[in-house]
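Questions regarding the structure given below will be posed in turn.
For reference, positions follow the sequence shown, starting with 1.
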Amino acid sequence: MFLGKYYLRIALCTPLFGTLLLTGCNSDNNDDWGVEVPDSNQVRYTFQEKGASSKASVVETDDAVPFRWDESDQVTMWVGQNESNVSPYVFRTESGGVGSAQFEAFLPRETESLYYYGFYPAVEDEISEVTVSVPVDGTIRQSIPDNSSHLAPYRVMYAPAVRRETGGTILEGVIFNHLTSLFVFDITNIRAESIHVSEIRVKASQPIFYDQATYLPGSGSEEVNVISNPVKEIVLALGNDVSGLPISGQNGKLRAFLPLIPTASLAGVSVSLAMRVDDRLLESLSLMADELEAAGVDRFQAGHYYHFYLDIDGANVTWDMDKSVDAWELGGIIDIPLK
């Protein structure tokens, strides 16, 4: 799959990062692991995550940016006999991994793993619903250029229920899917001098953006249930302070990432962008409602990338709308190289 330079190639307007297949080892013998079970009434359960492209954060290497599981990442799996008899257990990966990561938990020996489903990030209580919060007011901050590690708390995922005839300590057939959308901003500084960008704003002519929703793990639903009132603007803060992140002159580049709860309908809605550059707010032109309609983009959906190509030149932000929306419409491929 990977030859020469390493990239994660992802089709736009298809499920974001694909799906995540969780499989396991083929032995129930705890001695094979070389670890001591903490309680004689517990059994070690595992799964091997091999779909690393599903994870929220990005590996920062010279050549590659596969999505990864981080050290100590946790998911909750509800495991039991049937849909009315499950209990939550937190599974943890000790070292994370790129391309693969092993998760484990110790469950009661009497556990019947005939029915199970999952959620990320982990929740420990036996709750009926999970509250999903994705701030729209600039609370989300990307501190490192070309890095998406700030996404992890907001890139919620669910694993639909798996029903099987025979139990075991390996949870197989688990597939995680994303419940949020992702904006990717590809910014080029055309100016001769370097600049600092401290925020990016996506604006809509009508309220379409939400900051809170709920999700019921195991429900089979493919989307969250929004519980907040929509607003017209969503903001990403950049840098560790008000000065923002630097972009060098003469075609210096910056890539930024903003998660969002899937939006309300875009019918009749126009969209524009603004960036705060050296403490000045620069505006782009608007992408009109009829252009979005012609492209077949009716909302920003769960599990999708939306890539924005932006140039800063003089006192304006130039948004290459054709290139952006063509990718949204046609399912173009994007590479995500990191410095």
request  = State whether the number of non-hydrogen atoms from other residues, nucleotides or ligands found under 6.0 Å of Glu293 atom CD is greater than 12.
outcome  =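 Not more than 12 within 6.0 Å, no.
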query = Can you tell me how far the CZ atom of Arg92 sits from the OG1 atom of Thr76, to the nearest 0.5 Å?
reply =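 Rounded to the nearest 0.5 Å, the CZ-OG1 separation comes out at 13.5 Å.
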request  = Take atom CG of Asn229 as the centre, draw a 6.0 Å sphere, and report whether it contains more than 12 heavy atoms from other residues, nucleotides or ligands.
outcome  =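 Open.
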message = Quick check for you: to the nearest 0.5 Å, what is the distance between Ile234 atom CD1 and Asp137 atom CG?
response =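 Answer rounded to 0.5 Å: 9.5 Å.
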key: Tyr120 to Gln74 - nearest heavy-atom pair and separation   =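 Smallest heavy-atom distance, with atoms named: CD1-O, 3.4 Å.
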message = With heavy-atom distances below 4.5 Å as the criterion, would you say the side chains of Met77 and Phe119 are in contact?
response =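 No - every pair of side-chain heavy atoms lies 4.5 Å or more apart.
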ask   = Going by atom types alone, do Asn251 and Thr188 pair a side-chain donor with an acceptor below 3.5 Å?
value =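 Their side chains do not contain a donor-acceptor pair, so the 3.5 Å distance test is not met.
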ask   = Strictly by modelled atom types, are Ser324 and Trp319 linked by a side-chain donor-acceptor pair under 3.5 Å?
value =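 Note: Ser324 and Trp319 side chains meet the donor-acceptor criterion.
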ask   = Does some side-chain heavy atom of Asp320 sit less than 4.5 Å from a side-chain heavy atom of Asp311?
value =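 No, every pair of side-chain atoms sits at 4.5 Å or beyond.
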Derivation and outcome, side chain to side chain contact (heavy atoms under 4.5 Å, CB included), residues Asp298 and Leu266 = CA-CA 5 Å; Asp298 58 359; Leu266 292 172; 5.6 Å; no
ask   = Is there a side-chain contact between Phe257 and His150, using heavy atoms and a 4.5 Å cut-off?
value =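 Yes, side chains in contact.
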request  = Examine Ile227 and Phe209 and state if one hydrophobic cluster contains both, with Ile, Leu, Val, Met, Phe, Trp and Tyr joined whenever side-chain heavy atoms are less than 4.5 Å apart.
outcome  =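 Ile227 does not cluster with Phe209.
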task = Using a strict 4.0 Å threshold on nitrogen-to-oxygen distance, state whether Arg255 and Asp146 make a salt bridge.
result =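 No salt bridge links Arg255 with Asp146.
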ask   = Of all heavy-atom pairs between Leu281 and Lys203, which one has the smallest distance, and what is that distance?
value =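 Shortest heavy-atom separation between Leu281 and Lys203 comes out as CD2-NZ, 4.5 Å.
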inquiry  = Ignoring hydrogens, what is the shortest heavy-atom contact between Pro121 and Val156? Give both atom names and the distance.
reply    =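 Here Pro121 and Val156 meet closest at CD-CG1, 3.7 Å.
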query = In terms of hydrophobic clusters joined by side-chain contacts under 4.5 Å, are Val90 and Leu171 together?
reply =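 Each belongs to a different hydrophobic cluster.
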request  = Quick one: closest heavy-atom pair of Ala302 and Ser181, and the distance?
outcome  =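 Taking Ala302 first and Ser181 second, the nearest heavy atoms are N-OG, 3.7 Å.
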ask   = With side chains defined as the heavy atoms from C-beta onward, is the minimum distance between Val130 and Pro217 less than 4.5 Å?
value =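 Yes, side chains in contact.
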message = Regarding Arg299 and Glu223, does a basic nitrogen lie under 4.0 Å from an acidic carboxylate oxygen?
response =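 Counted as a salt bridge, because a side-chain N and a carboxylate O are separated by less than 4.0 Å.
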ask   = Should Leu285 and Leu310 be counted in the same cluster of Ile, Leu, Val, Met, Phe, Trp and Tyr side chains packed under 4.5 Å apart?
value =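 Same cluster.
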query = Could you walk me through whether Val136 and Glu233 pass the side chain to side chain contact (heavy atoms under 4.5 Å, CB included) check?
reply = CA-CA 7 Å; Val136 298; Glu233 187 173 83; over 6 Å; no
request  = Flag the pair Leu182 / Leu260 as yes when at least one side-chain heavy-atom distance between them is below 4.5 Å, and no otherwise.
outcome  =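 Counting from C-beta outward, Leu182 and Leu260 never come under 4.5 Å.
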ask   = Can you check side chain to side chain contact (heavy atoms under 4.5 Å, CB included) on Glu83 and Arg163, steps first, answer last?
value = CA-CA 9 Å; Glu83 56 266 38; Arg163 190 189 305 271; 3.3 Å; yes
ask   = Do Tyr89 and Pro108 have side-chain heavy atoms sitting under 4.5 Å apart?
value =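 Sidechains of Pro108 and Tyr89: in contact.
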message = If you count heavy atoms of other groups shown closer than 6.0 angstrom to CD of Glu222, is the number above 12?
response =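 For Glu222, atom CD is not crowded (no more than 12 foreign heavy atoms under 6.0 Å).
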CA sep, side-chain torsions, deciding dist, call: Ser221, Tyr215, side chain to side chain contact (heavy atoms under 4.5 Å, CB included) = CA-CA 8 Å; Ser221 176; Tyr215 185 79; 4.0 Å; yes
request  = Over all heavy atoms of both residues, which pair between Arg141 and Leu238 is shortest? Give the atoms and the distance, please.
outcome  =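 Nearest pair, atom of Arg141 first, then Leu238: NH1-O, 3.6 Å.
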ask   = Quick one: are Asp73 and Phe91 in side-chain contact, heavy atoms under 4.5 Å?
value =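 With C-beta onward as the side chain, the pair stays apart.
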ask   = Does a sphere of radius 6.0 Å around CD in Gln206 hold more than 12 heavy atoms from other residues, nucleotides or ligands, not counting ones at 6.0 Å or beyond?
value =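 More than 12 heavy atoms, drawn from other residues, nucleotides or ligands, come within 6.0 Å of this atom.
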request  = Check Phe300, Tyr305, Tyr154 against Phe183 for a ring pair (Phe, Tyr, Trp, His ring centres under 6.0 Å) and give me the one that passes.
outcome  =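 Output: one option passes, namely Phe300.
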key: Within one Ile-Leu-Val-Met-Phe-Trp-Tyr cluster: Val235 and Ile312, side-chain cutoff 4.5 Å   =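 Not linked; separate clusters.
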key: Spatial distance of atom CG (Leu287) from atom OG (Ser272) [nearest 0.5 Å]   =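 Reported to 0.5 Å precision, the distance equals 9.5 Å.
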task = May I ask you to decide if the ring planes of Tyr117 and Tyr115 are parallel, tilted or perpendicular, using 30° and 60° as cut-offs?
result =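 The arrangement is perpendicular - the two ring planes meet at more than 60°.
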ask   = Taking atom OG of Ser286 and atom CD of Glu291, what is their separation to the nearest 0.5 Å?
value =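 Rounded to the nearest 0.5 Å, the OG-CD separation comes out at 9.5 Å.
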key: Heavy-atom donor-acceptor pair, Thr111 side chain to Ser113 backbone, under 3.5 Å   =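 Side chain of Thr111 to backbone of Ser113, a donor-acceptor pair under 3.5 Å: no, none is there.
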query = Between Pro259 and Val134, which heavy-atom pair has the shortest distance, and what is it?
reply =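 It is O-CG1, 3.5 Å.
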ask   = Between Phe308 and Phe185, is the gap from one ring center to the other below 6.0 Å?
value =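 When the ring centroids of Phe308 and Phe185 are compared, they turn out to be within the sub-6.0 Å range.
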ask   = Under 3.5 Å, is there a donor-acceptor pair between the side chain of Gln142 and the main chain of Ile144?
value =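 Yes; judged by distance alone, with no hydrogens or angles, the pair exists.
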ask   = Should we say atom CD of Glu193 is surrounded by more than 12 heavy atoms from elsewhere, each under 6.0 Å from it?
value =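 Counting neighbours around CD of Glu193, more than 12 heavy atoms of other residues, nucleotides or ligands fall under 6.0 Å, so yes.
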request  = Calculate, to the nearest 0.5 Å, the distance between atoms CD1 and CG belonging to Ile200 and Leu236 respectively.
outcome  =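 Taking CD1 in Ile200 and CG in Leu236, the distance rounds to 5.5 Å.
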key: pair Ile195-Val197: side-chain heavy atoms closer than 4.5 Å   =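 Sidechains of Val197 and Ile195: in contact.
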key: Value rounded to 0.5 Å, distance of CE in Met157 from OG1 in Thr180   =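 One gets 9.0 Å once the value is rounded to the nearest 0.5 Å.
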inquiry  = With clusters defined by side-chain heavy atoms of hydrophobic residues (ILVMFWY) lying less than 4.5 Å apart, directly or transitively, does Val123 cluster with Tyr158?
reply    =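 Shared cluster, yes.
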query = Do the side chain of Ser205 and the main chain of Ser270 share a donor and acceptor less than 3.5 angstrom apart?
reply =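 Yes.
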